[in-house]
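So the structure is just underneath, and the comments pick up after that.
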Amino acid sequence: MTDVTLGMPQLPAPDYPAEVRSRLEADAAEVIARYPDSRSALLPLLHLVQSEEGHVTRTGIRFCAEVLDLTTAEVTAVATFYTMYRRKASGDYQVGVCTNTLCAVMGGDAIFEELQSHLELGNGETTEDGKVTLEHIECNAACDFAPVVMVNWEFFDNQTVGSAKQLVDDLRAGRTVTPTRGAPLCTFKETARILAGFPDPRPGSVEAGGSAGPASLTGLRLAKGEDAPGRVVSPRHGGAPQDEAPPTHPSSHDAPQRTSASDPHHPAGPVAEEGE
């Protein structure tokens, strides 16, 4: 009889070497101690094992399950839900091009297509030298600086096709690359350990930061009830400013719409008698 394979991995997963296991257990104990319920430590522990191998392996899933007294199925369910956990080996630098609406129309689609051609990669693939993994990503909450490229979650704002190509070339060549905002760049494994909750050893990284763009800050001031510097949009009612002519063709938002209340031929009310 021919054996039938369903493509499932052989269980159990291999364990870490003793030295690695001992080191990770000490780190895991530090993480777990921060939470009243050990299960709450699963997300940072997945970052921890990702910092070891660059992605969440079967061995990493087994480790998390054992130290948290969970099943591997429970850990796998979480690890496969969040895109921040990698399912396969990836590069030192995760280059994500935002292709959500605003970044896309500002050039994000063109940047992503050009980087695919330049690097000869598909979405989620890694260069042969193991340096760069290219992916398209959803909104980075940095629309003021569109189009945006992120490298290991650090911002590279107002990108062009040319600057993005230079960015990936510099990363592959080992040249120093400085994010537009935020902390100095580090490898994906180092980023994962920081996300697990361990101190960032890079000089100046804690002090580094970045601000939202002017439009976002204006919205924040308005939300707080503060006066905004100047008018953001024209008022819908009242006279036009002195230096602005009144609109001759109102937008669909401002133009009066025909409704049952304004159309005598289609009055409001039920279209049939009650019970009909």
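Side-chain atoms are counted along with the backbone in the values below, which use heavy atoms only and exclude waters and symmetry mates.
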Within one Ile-Leu-Val-Met-Phe-Trp-Tyr cluster: Tyr35 and Leu24, side-chain cutoff 4.5 Å
yes

Result for salt bridge (charged side-chain N to carboxylate O under 4.0 Å, His left out) between Glu52 and one of Lys189, Arg23, Arg193 points to Arg23

Are Phe155 and Val97 connected in a single hydrophobic cluster, I mean Ile/Leu/Val/Met/Phe/Trp/Tyr linked by side-chain heavy atoms less than 4.5 Å apart?
no

Regarding Ser117 and Glu113, do their side chains bring together a donor and an acceptor under 3.5 Å, going by distance alone?
no

Decide yes or no for Glu30 and Phe198: does some side-chain heavy atom of the first lie under 4.5 Å from some side-chain heavy atom of the second?
yes

Cluster check Leu48, Ile194: I/L/V/M/F/W/Y, side chain < 4.5 angstrom
no

In one Ile/Leu/Val/Met/Phe/Trp/Tyr side-chain cluster, 4.5 Å: Met150, Leu119
no

In Å, rounded to the nearest 0.5 Å, how long is the span from CD of Glu138 to SG of Cys103?
10.5 Å

Any luck finding a side-chain donor-acceptor pair between Tyr16 and Glu53 under 3.5 Å?
yes

In this structure, SG of Cys64 is separated from CG of Asp69 (nearest 0.5 Å) by 13.0 Å

Do His118 and Asp169 meet the criterion of a side-chain donor-acceptor pair at a distance under 3.5 Å?
yes

Examine Trp153 and Leu171 and state if one hydrophobic cluster contains both, with Ile, Leu, Val, Met, Phe, Trp and Tyr joined whenever side-chain heavy atoms are less than 4.5 Å apart.
no

Can we call the ring centroids of Tyr85 and His47 under 6.0 Å apart?
yes

Under a 3.5 Å threshold, yes or no: a donor from one side chain and an acceptor from the other, between Asn152 and Gln94?
no

Verify whether one side chain among Ser22 and Glu19 offers a donor that lies under 3.5 Å from an acceptor in the other.
no

Between atom CZ of Phe145 and atom CG of Asn140, what is the distance when rounded to the nearest 0.5 Å?
12.5 Å

